[in-house]
2 protein chains.
Amino acid sequence: MVLSIAAVKNLELTLEDVGKGENMISAKSIGRLSLYRRLLISLKTRGEENVHSHKLASLGGVSPAQVRRDIMAVGYSGSPARGYSIDELVECIGRIIDHPEGQNVALVGVGHLGRAVLNYFRGRRPKLRVRAAFDNDINKTNRVLHGYRAHPVTQLAEIIKREKITVGIVCVPKEAAQDVANNLVDAGCRGILNFAPIPLRVPPGVYVEDIDITMSLEKVAYFARETAKEEEKTE
Amino acid sequence: MVLSIAAVKNLELTLEDVGKGENMISAKSIGRLSLYRRLLISLKTRGEENVHSHKLASLGGVSPAQVRRDIMAVGYSGSPARGYSIDELVECIGRIIDHPEGQNVALVGVGHLGRAVLNYFRGRRPKLRVRAAFDNDINKTNRVLHGYRAHPVTQLAEIIKREKITVGIVCVPKEAAQDVANNLVDAGCRGILNFAPIPLRVPPGVYVEDIDITMSLEKVAYFARETAKEEEKTE
DNA sequence: TAGTTACTGTGAATTATGTAACGTTGTGAA
DNA sequence: TTCACAACGTTACATAATTCACAGTAACTA
Ligand SMILES: NC(=O)c1ccc[n+]([C@@H]2O[C@H](COP(=O)([O-])OP(=O)(O)OC[C@H]3O[C@@H](n4cnc5c(N)ncnc54)[C@H](O)[C@@H]3O)[C@@H](O)[C@H]2O)c1
Ligand SMILES: NC(=O)c1ccc[n+]([C@@H]2O[C@H](COP(=O)([O-])OP(=O)(O)OC[C@H]3O[C@@H](n4cnc5c(N)ncnc54)[C@H](O)[C@@H]3O)[C@@H](O)[C@H]2O)c1
């Protein structure tokens with residue numbers, strides 16, 4: 001049986017529409033889009049107006065085809081001759097990854113790492129506001145650290161609800177991480193960035209991203225040896 | 001520690017497999033193995049001697065089949081009835097991801113994040129020793145911070161060669177990151193853990209792992225909205 | 001205006017990664 | 001001892017991610 005091109009196209013379209021959350025972009029793509037946006041803004045400050053996929057690919061350490069595919073996902077189209085308009089592309093990426101009214105963030109565990117993160121995000125992203133910090137150490141609470149006042153964890157639920165916080169950052173020791181995560185979710189958080197070196201259990205509908213520094217360092221150490229070995233053999 | 005006959009067999013098998021180097025273990029598997037090892041050690045301190053794949057899977061947030069396949073990659077075999085011996089499995093994972101004599105690590109950029117990382121790894125991993133820290137700010141160098149003395153970056157090449165350092169951690173601002181990476185590679189580093197929010201260019205044979213906290217936070221914020229939306233629709 | 005060129009957009013092919021299935025095996029019970 | 005069974009090891013399969021390849025096109029040239 002031979003189908004016309006139009007028929008095939010229609011079939012695919014209907015299948016797509018019937019499928020689940022129609023155009024749900026993968027976590028990997030979202031991550032790269034966030035990277036592209038930073039690179040684009042950096043290019044813009046250097047006076048560039050347009051950029052080609054291979055330029056962005058080279059800056060981002062990915063393939064040009066990957067860049068084009070990711071950009072396709074946000075629904076933006078460039079011009080074959082001029083490439084992508086930096087302004088428009090930044091705008092389109094923002095339309096996908098930013099919430100129009102912005103989102104509020106809370107950080108729990110104002111230790112070494114927590115303070116570094118607080119300091120870094122202070123006033124940096126207007127659409128992603130760190131609105132509260134918490135700790136259970138009375139020496140750290142009710143003082144202003146890096147421009148943020150750390151509240152006692154006992155007030156966590158109350159403040160998260162009041163400030164409409166939907167994203168939590170977990171910087172507490174691993175023994176406390178699951179409890180903190182449970183409290184964050186109960187209070188209304190739907191996304192957690194977890195620095196504690198254990199996977200968190202959360203109900204469906206809550207997204208967790210783990211940053212496991214120890215694991216990453218062990219990976220680097222392993223491949224520092226292995227890729228070096230591979231190189232030797234080809235010499 | 002008493003090794004069974006099975007463990008000795010495993011040792012022989014892994015030595016054979018490592019020698020070839022053609023079927024290299026994926027970065028994802030290495031990462032999970034690092035996680036399994038931590039979980040196993042934690043189980044051991046609670047008095048457990050053996051563990052089944054589904055138990056480890058549940059703790060690690062992965063599927064039992066995944067656990068079995070990762071463990072297959074290190075060349076260890078468990079018993080159908082008792083599962084895996086925790087001691088032996090930790091030993092076999094270490095044989096893959098640790099260097100027998102250990103590896104030396106340097107950290108560049110003793111700012112907020114760099115100090116948090118230094119503090120965290122102090123005396124934690126005997127096979128992964130942070131041997132030197134560097135900064136270009138004279139207010140931070142030649143003082144002892146978190147048990148480490150920070151050297152001026154001008155001494156980077158010399159000290160890295162002298163201390164036989166093969167792994168570098170980059171915690172400097174993004175403007176300086178590529179220069180620092182170049183110096184690390186020139187001095188002999190073959191692996192870099194990069195916290196600066198730009199991809200580093202390195203020659204082949206050098207492995208880079210990026211930890212992009214901003215990107216991760218934006219991902220969390222995005223999926224905090226999107227997965228919540230999906231949930232609503234199914235209600 | 002027609003030709004040239006270099007880039008985009010996108011289906012198809014390829015590769016990586018994860019899951020399911022199932023024969024195998026060691027252990028404990030009858 | 002033999003059987004039943006639960007969990008392993010491995011292969012086959014399924015899905016996700018990435019790259020390839022090329023048609024289509026806007027600018028630029030002469
Ligand atoms: N710093 C690093 O480089 C690094 C590397 C890998 C993993 N981590 C992980 O990140 C987390 C934080 O690391 P850190 O170096 O900042 O540790 P830290 O000890 O400096 O800070 C932990 C903070 O959490 C607070 N805390 C403890 N229990 C709490 C609770 N129940 N509720 C609220 N606050 C609580 C403590 O008071 C402290 O301020 C840990 O889980 C650690 O394993 C850190
Ligand atoms: N802290 C965070 O949460 C966070 C989040 C995302 C990204 N980062 C990235 O991590 C890196 C470090 O962040 P931070 O918060 O520690 O910043 P920081 O400013 O506190 O520390 C940077 C340190 O690097 C040193 N430095 C600058 N140039 C140098 C050079 N050429 N050679 C050696 N040392 C040099 C500075 O003296 C300073 O001590 C930055 O690239 C930042 O973008 C940090």
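Below, read A as the first sequence line, B as the second, and so on, with proteins coming before strands; counting in each chain starts at 1.
Distance CG (A/Leu56) to P (C/dC7): 14 Å, rounded to an integer number of Å. Atom pair B/Lys55:NZ and D/dA6:P shows a separation of 19 Å (rounding to whole Å applied). Rounded to whole angstrom, the span from the CD atom of A/Gln66 across to the C1' atom of D/dT19 amounts to 9 Å. Atom NZ of A/Lys28 and atom P of D/dT15 are 18 Å apart (whole Å). To the nearest angstrom, C1' of C/dT10 lies 14 Å from CD1 of A/Ile71. Across the protein-nucleic acid pair, B/Met24 atom CE and C/dA16 atom P stand 12 Å apart, rounded to whole Å. Atom pair B/His54:NE2 and C/dT19:C1' shows a separation of 17 Å (rounding to whole Å applied). Distance A/Met72 CE to D/dT18 P: 13 Å, rounded to the nearest Å.
Between B/Asp98 and B/Arg37 there is a salt bridge, since a side-chain N of the basic residue sits under 4.0 Å from a carboxylate O of the acidic one.
The side chain of A/Arg68 approaches C/dT10 more closely than any other nucleotide in the set C/dG26, C/dG18, C/dT10. Candidate nucleotides C/dT8, D/dT18, D/dA7 were compared by shortest atom distance to the side chain of B/Pro80, and D/dA7 ranks first. Closest contact between the side chain of B/Ala81 and the listed nucleotides D/dT10, C/dT27, D/dC8 involves C/dT27. Considering only side-chain atoms of B/Ser77, the nucleotide from D/dT18, C/dT17, D/dG9 that sits closest is D/dG9. Closest approach to the B/Ser79 side chain among D/dC20, C/dT8, C/dG26 is made by C/dG26 (side chain taken as heavy atoms from C-beta onward).
Note on A/His52: a side-chain N or O is less than 4.0 Å away from OP1 or OP2 of C/dT8. For C/dT19, one of the phosphate oxygens OP1 or OP2 lies less than 4.0 angstrom from a side-chain nitrogen or oxygen of B/Ser63.
Residue contacts for A/Ser53: at a heavy-atom cut-off of 4.0 Å it reaches the sugar-phosphate backbone alone, with no base atom in range. Using a 4.0 Å heavy-atom distance criterion, A/Arg82 is classed as a sugar-phosphate-only contact.
Mapping B/Val51 and A/Ser29 onto DNA chain D via the closest heavy atom, the residue that lands nearer the 5' end is B/Val51.
B/Met215 pairs with exactly one of B/Asp212, B/Ile213, B/Ile211 by the side-chain contact (heavy atoms from CB on, under 4.5 Å) rule, that one being B/Asp212.
Classification of the A/Tyr207-B/Phe223 ring pair by plane angle, with boundaries at 30° and 60°, yields parallel.
For A/Arg38 and A/Ser34, the side-chain atoms include no donor-acceptor pair closer than 3.5 Å.
No hydrogens or angles were tested; on distance alone, nothing pairs the side chain of A/Arg69 with the base of D/dT18 as donor and acceptor under 3.5 Å.
Heavy-atom minimum distance, A/Gly168 versus A/Leu184: CA-CD1, 4.2 Å.
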